[in-house]
Amino acid sequence: QLQLVESGGGLVQVGGSLRLSCAASGVNLDDYVIGWLRQAPGKEREGVSCISSSGRATNYADSVLGRFAISRDNSKNTVYLQMNSLRPDDTALYYCAAQPRGGAFDALHSMTYCSAPAMAFWGKGTLVTVST
């Protein structure tokens, strides 16, 4: 059974950077598409970025494009989200999530499939707070 554990969240000032990590256990990470999703207070959970099981394809929400970068190290069974130029509206609980390889995101690389309904496994989240 795949288990996902996020780390790296915290309090950062506007314009600062954080790197989130998602460590997987129980299975080989390259059997899964991995995504980062976030949920701000009073808002729906939204897809931030996904990376294909091979690591060759990525996609991002428009709101983070050019500021965030997703990467994976399958040898360490870990996926990262580098977040730069952070803004107050990036404040949220960030979740790592997974879907089995060969599914819709692997085929189409669309953010439509980097969304909560498309994910089968979830971590518990790590909180990111961006202060002014």
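Between Ala61 and Gly47, the shortest heavy-atom contact is CB-O, 3.5 Å. Nearest approach of Ala104 to Gln99, heavy atoms of both residues: N-OE1, 4.1 Å.
Sequence neighbours left out, the pairs with a member in residues 97-115 that pass salt bridge (Lys or Arg N to Asp or Glu O under 4.0 Å) are Asp31-Arg101.
Remark: side-chain polar atoms of Tyr32 are not paired, donor with acceptor, to backbone N or O of Leu2 under 3.5 angstrom. In terms of modelled atom types and a separation under 3.5 Å, the side chain of Thr78 and the main chain of Lys76 share a donor-acceptor contact.
The CG atom of Leu93 lies 7.5 Å from the CD atom of Glu6; values are rounded to the nearest 0.5 Å. The CG atom of Leu29 sits 5.5 Å away from atom CG of Asn74, with the distance rounded to the nearest 0.5 Å. For the atom pair CZ (Arg56) and NE2 (His109), the distance works out to 9.0 Å, reported to the nearest 0.5 Å. Here the OH-CG distance, from Tyr80 to Asp73, works out to 5.5 Å after rounding to the nearest 0.5 Å. Distance SG/Cys96 to CG/Leu4: 4.5 Å, rounded to 0.5 Å. Between atom SG of residue Cys50 and atom CE of residue Met111 there is a gap of 6.0 Å, rounded to the nearest 0.5 Å.
With sequence neighbours left out, the side-chain hydrogen bond (donor to acceptor under 3.5 Å, both in side chains) criterion links Asp89 to Arg87.
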Less than 3.5 Å apart, which donor and acceptor atoms pair up between the side chains of residues 33-43 and the rest of the protein, not counting sequence neighbours?
unit_1 : atom_1 : unit_2 : atom_2 : d
Arg38  : NE     : Glu46  : OE2    : 2.7
Arg38  : NH1    : Asp90  : OD1    : 2.9
Arg38  : NH1    : Tyr94  : OH     : 2.9
Arg38  : NH2    : Glu46  : OE2    : 3.2
Arg38  : NH2    : Ser63  : OG     : 3.4
Gln39  : OE1    : Arg45  : NE     : 3.3
Gln39  : OE1    : Arg45  : NH2    : 3.3
Gln39  : NE2    : Lys43  : O      : 3.1

For residues 17-28, please give each side-chain donor-acceptor pair under 3.5 Å, one per line with the distance, not counting sequence neighbours.
unit_1 : atom_1 : unit_2 : atom_2 : d
Ser17  : OG     : Asn84  : OD1    : 2.9

Expected list for residues 115-132: side-chain donor-acceptor pairs under 3.5 angstrom, two or more places apart:
unit_1 : atom_1 : unit_2 : atom_2 : d
Ser115 : OG     : Thr112 : O      : 2.9
Thr126 : OG1    : Gly9   : N      : 3.1

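Cluster partners of Val5, using a side-chain heavy-atom cutoff of under 4.5 Å among ILVMFWY residues and allowing indirect links: none.
Val79 and Tyr95 are not part of a single hydrophobic cluster, where members link through side-chain heavy atoms under 4.5 Å apart.
The side-chain heavy atoms of Cys114 and Asn59, taken from C-beta on, include no pair separated by under 4.5 Å. Residues Val14 and Pro88 meet the side-chain proximity criterion, which asks for heavy atoms closer than 4.5 Å.
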Going through the checks in order, is the side chain to side chain contact (heavy atoms under 4.5 Å, CB included) test met by Ile51 and Phe105? CA-CA 8 Å; Ile51 186 166; Phe105 187 85; 5.8 Å; no
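No more than 12 heavy atoms of other residues, nucleotides or ligands shown are found within 6.0 angstrom of OH on Tyr113.
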